[in-house]
Amino acid sequence: MTLAFSFLMTEAILVFSPDSSLLRAFSRRARVQVHLVLQLLCVVSALLGFGIIYANKVLQGKHHFTTWHGLLGGLTVLWALLQSIGGISLLYPKLLQRWNLATRKLYHATAGLVVYLLGCGSILLGMCSLWFSASVTGLSWYLCVLCPVLTGLVIMNQVSNAYLYRKRSQL
């Protein structure tokens, strides 16, 4: 799950960054394809992680979704799956002709930002767990907490400035 949300989803979004992408010289079409592949890997990793966690809880006879981390994590995986399905409509514009392509892109960017921030929140809640707090202490814990906070701010800034504000002014 950490691999899915901390690395794959972050890189999938940063593919479109004019400042921090290794692929900025590539065409938009190529970057969309890389985004699609990374997001697919992210969702598959998240679903595998979710399945492993669920099976482990069943084997140990423990209850499911009893913590804020578990509840938010489950919501995040569900939202990521739905968001990915919605992203497919951008590749095939004739599937949903009810909304124009610009509106769907705006919704996709906004919903993608929400799912990314939910993932960051879930990771932060996991860092507040008894296991993580006992394993990582002192300054190391604070440095670990900074990672999802800072990446969340970077992604929020990128999506807001480079896409949402521009699209809002164009509508």
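Just so it is clear, the model here is predicted, and its values are computed rather than measured.
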Item to complete: Would you check, one step at a time, whether the test side-chain contact (heavy atoms from CB on, under 4.5 Å) holds for V32 with R29?
Response: CA-CA 5 Å; V32 166; R29 182 179 176 103; 5.7 Å; no
Item to complete: Could you tell me which non-hydrogen atom of S45 sits nearest to which non-hydrogen atom of L3, and how far apart they are?
Response: OG-CD2, 4.2 Å
Worksheet entry | Side chain to side chain, F5 and Y116, heavy atoms closer than 4.5 Å | no
Discussion item. Please evaluate residues L125 and T67 with respect to the criterion side-chain contact (heavy atoms from CB on, under 4.5 Å), reporting the C-alpha separation (whole Å), side-chain torsions for both, the decisive distance (0.1 Å), and the verdict.
Written reply: CA-CA 9 Å; L125 287 171; T67 65; over 6 Å; no
Worksheet entry | Side-chain heavy-atom pair V43, Q83 within 4.5 angstrom cut-off | no
Discussion item. Do L23 and F16 make a side-chain contact, defined as non-hydrogen atoms from C-beta onward lying under 4.5 Å apart?
Written reply: no
Practice prompt. Calculate, to the nearest 0.5 Å, the distance between atoms CE and OG belonging to M1 and S122 respectively.
Written response: 6.5 Å
Discussion item. Is there a side-chain contact between H69 and I123 in this structure, where contact means two heavy atoms from C-beta onward sitting under 4.5 Å apart?
Written reply: no
Worksheet item: Within a reach of under 6.0 Å around OH of Y142, are more than 12 heavy atoms found that belong to other residues, nucleotides or ligands?
Response: no
Worksheet item: Are more than 12 heavy atoms from other residues, nucleotides or ligands located less than 6.0 Å from atom CG of L22?
Response: no
Item to complete: Check whether more than 12 heavy atoms from other residues, nucleotides or ligands sit under 6.0 Å from atom CZ of F7, and answer yes or no.
Response: no
Worksheet, complete the sentence: Note: C144 and P148 closest approach over all heavy atoms is O-CD, 3.1 Å
Discussion item. Looking at W99, is its backbone amide N or carbonyl O close enough to the side chain of T103 to form a donor-acceptor pair, meaning the two atoms are under 3.5 Å apart?
Written reply: no
Worksheet item: Any side-chain heavy atom of S89 sitting closer than 4.5 Å to one from R104?
Response: yes
Practice prompt. Take atom CH2 of W141 as the centre, draw a 6.0 Å sphere, and report whether it contains more than 12 heavy atoms from other residues, nucleotides or ligands.
Written response: yes
Fill in: T66 OG1 to K57 NZ distance, which is reported to the nearest 0.5 Å
5.0 Å
Fill in: V58 reachable from F50 in the ILVMFWY side-chain graph, under 4.5 Å edges
no
Discussion item. Test your reading of the model: is there a side-chain donor-acceptor pair from S160 to the backbone of M156, 3.5 Å cut-off?
Written reply: yes
Item to complete: Kindly say whether A111 contributes a backbone atom to a donor-acceptor pair with the side chain of W79 at under 3.5 angstrom?
Response: yes
Discussion item. Are the side chains of L82 and L78 in contact, using a 4.5 Å heavy-atom criterion?
Written reply: yes
Response to the item:
Closest non-hydrogen atoms of T10 and I155, given as atom of the first, atom of the second and distance, are O-CD1, 4.2 Å
Practice prompt. Assign the ring pair H35 / H108 to parallel, tilted or perpendicular, where the plane angle (0 to 90°) is split at 30° and 60°.
Written response: perpendicular
Response to the item:
CG of L59 to OH of Y54, rounded to nearest 0.5 Å, is 11.5 Å
Item to complete: Start with the C-alpha distance between L38 and M9, add both sets of side-chain angles, then the distance that settles side-chain contact (heavy atoms from CB on, under 4.5 Å), and finish with yes or no.
Response: CA-CA 7 Å; L38 289 172; M9 188 177 283; over 6 Å; no
Discussion item. A side-chain contact here means heavy atoms from C-beta on lying under 4.5 Å apart; do L139 and L143 qualify?
Written reply: yes
Worksheet entry | Closest non-hydrogen atom pair, S17 against Q158 | CB-OE1, 3.4 Å
Worksheet item: In Å and rounded to the nearest 0.5 Å, what is the NZ to OG1 distance from K105 to T110?
Response: 13.5 Å
Worksheet item: Counting distance only, does the side-chain N/O of S135 pair as donor-acceptor with the main-chain N or O of W131 below 3.5 Å?
Response: yes
Fill in: Distance in Å, N56 CG paired with H64 NE2, rounded so as to fall on 0.5 Å steps
10.0 Å
Worksheet item: In Å, rounded to the nearest 0.5 Å, how long is the span from CD1 of I52 to CG of L47?
Response: 11.0 Å
Worksheet item: Is there a side-chain contact between L48 and V44 (heavy atoms, below 4.5 Å)?
Response: yes
